[in-house]
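A short worksheet on the structure shown next.
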Amino acid sequence: MNPLSLLREDLSGFAGYRSARSEPVDGNVWLNANESPWANLAIGSESVRRYPEPQPASLRWALAALYGCDADQLLIGRGSDEAIDLLVRAFCTPGRDAVLVTPPVFGMYAVCARLQDARVLEVPLTDAADDFRVDLDAVVRAAREGSARLVFLCSPGNPAGGTLSMEVVVRIARELEGVAMVVVDEAYVEYADSSSLVDGVQRQPNLAVLRTLSKAHALAGARVGCLIADARVIAALRQCQAPYPVPTPSLALALQALSPPALEQTRAHVAEVVRERQRMHAALSGLPAIIRIYPSQANFLLVRLADPDRALLSLRDVGIVVRDMRAMPQLGDALRITIGTPAQNERVLEALRVLEQVEA
Ligand SMILES: *Cc1c(COP(=O)(O)O)cnc(C)c1O
């Protein structure tokens with residue numbers, strides 16, 4: 001199956017913008033891009049004077065090595081948010097095609113769909129006794145019946161933190177061959193016991209994976225994320241992307257963050273978050289004000305509370321801001337708490353324990 005058959009027909013043959021950096025050229029006096037011949041005096045670095053490589057080879061190789069894919073299966077974007085937007089733009093004909101999402105879930109998929117005038121098909125997660133679950137058969141059925149060109153799954157899921165297995169995702173993708181791309185957002189997979197689905201991309205050409213340096217790698221401000229997919233899909237999406245999507249300072253930061261010593265420290269921080277997540281889960285479970293905590297494989301916990309307003313106030317009184325999830329479907333009593341440092345987590349627990357005493 002050639003996944004390019006799922007792309008917008010009206011974009012076939014579209015070559016995008018040819019920038020001064022599109023073609024490799026030789027020379028030592030570069031007067032082809034109307035750049036300034038002098039560096040900005042306020043800035044120490046000379047390199048930022050030039051337009052950057054559209055897909056810097058050094059970062060492509062580093063990310064491909066980190067994620068275990070080929071460099072030509074990887075598209076670097078301004079966060080995985082940009083990759084989500086590109087997917088929707090390239091695969092959904094406005095006013096006709098649809099995007100399938102499984103709420104409650106990360107909001108960007110539906111936002112990008114709205115901006116593209118793509119319909120949004122919703123197959124709600126089912127709140128089973130042990131966790132939120134994806135209704136696989138319903139996803140496949142709704143995608144087929146509603147002309148979904150993209151199915152967004154999130155694993156670990158935001159906001160509950162549950163994971164999907166390789167078998168499940170590959171099965172959905174196989175059943176949707178020739179119908180839709182299945183995109184698995186793995187923004188939090190570094191914190192999970194289960195491994196990434198990047199390997200599945202080799203097996204299923206209509207499967208794609210989103211990864212980001214924003215969370216575990218502590219680089220949210222640099223805006224570096226990527227899409228891993230069939231090389232033909234990556235090449236087609238490159239044509240739809242802005243000419244210079246990787247700012248030079250972000251490239252430098254990303255390469256620093258992917259150096260062996262930095263990766264070692266990242267792994268240690270991830271391990272600490274996982275330990276703290278387990279500790280927080282256990283400690284919060286003991287508080288009567290907490291109705292339910294979802295088992296999370298990410299760096300946050302979704303909790304249902306007897307009185308979320310009072311919990312928010314109590315947390316705010318000591319300066320702690322958590323995410324109010326109550327506007328989301330099925331989450332009318334829920335907050336999402338990011339795992340912080342041990343000291344920060346302790347303050348969260350204190351604020352929620354105080355609440356208990358007031359209620360008693
Ligand atoms: C945080 C997050 C992202 C990351 O987006 P970036 O643009 O890479 O910062 C992607 N998906 C989900 C589900 C997230 O929670």
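Indexing begins at 1, ligand by ligand and atom by atom, following the structure's order. Predicted, not measured: the structure shown is a model, and the values here were computed from it. Position 1 is the first residue of the sequence; numbering continues from there.
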Side chain Gln330, main chain Leu125, donor-acceptor under 3.5 Å: yes
Linked hydrophobic residues, Ile43 as query - side chain contacts closer than 4.5 Å: Val48
Under 3.5 Å: donor-acceptor pair, side chain of Glu186, backbone of Leu197: yes
Pi-cation contact, Phe300 with Arg336 (under 6.0 Å, within 45°): yes
Enclosure of Arg238 CZ (heavy-atom neighbours >12, cutoff 6.0 Å): yes
Pick out the protein N or O atoms lying less than 3.5 Å from any N or O of ligand 1, and list each pair with its distance.
residue: ligand 1; atom: 5 (O); partner: Ser80; partner atom: OG; Å: 3.3
residue: ligand 1; atom: 7 (O); partner: Ser80; partner atom: N; Å: 3.1
residue: ligand 1; atom: 7 (O); partner: Asp81; partner atom: N; Å: 3.0
residue: ligand 1; atom: 7 (O); partner: Asp81; partner atom: OD1; Å: 3.4
residue: ligand 1; atom: 7 (O); partner: Asp81; partner atom: OD2; Å: 3.1
residue: ligand 1; atom: 7 (O); partner: Arg223; partner atom: NH2; Å: 2.7
residue: ligand 1; atom: 8 (O); partner: Ser80; partner atom: N; Å: 2.6
residue: ligand 1; atom: 8 (O); partner: Ser80; partner atom: OG; Å: 2.8
residue: ligand 1; atom: 8 (O); partner: Thr212; partner atom: OG1; Å: 2.6
residue: ligand 1; atom: 8 (O); partner: Ser214; partner atom: OG; Å: 3.4
residue: ligand 1; atom: 9 (O); partner: Ser214; partner atom: OG; Å: 2.6
residue: ligand 1; atom: 9 (O); partner: Arg223; partner atom: NH1; Å: 2.8
residue: ligand 1; atom: 9 (O); partner: Arg223; partner atom: NH2; Å: 3.4
residue: ligand 1; atom: 11 (N); partner: Asp185; partner atom: OD1; Å: 3.2
residue: ligand 1; atom: 11 (N); partner: Asp185; partner atom: OD2; Å: 2.6
residue: ligand 1; atom: 15 (O); partner: Asn158; partner atom: ND2; Å: 2.8
residue: ligand 1; atom: 15 (O); partner: Tyr188; partner atom: OH; Å: 2.6
residue: ligand 1; atom: 15 (O); partner: Lys215; partner atom: NZ; Å: 3.4

Asp81 and Arg223 ion-paired at < 4.0 Å: yes
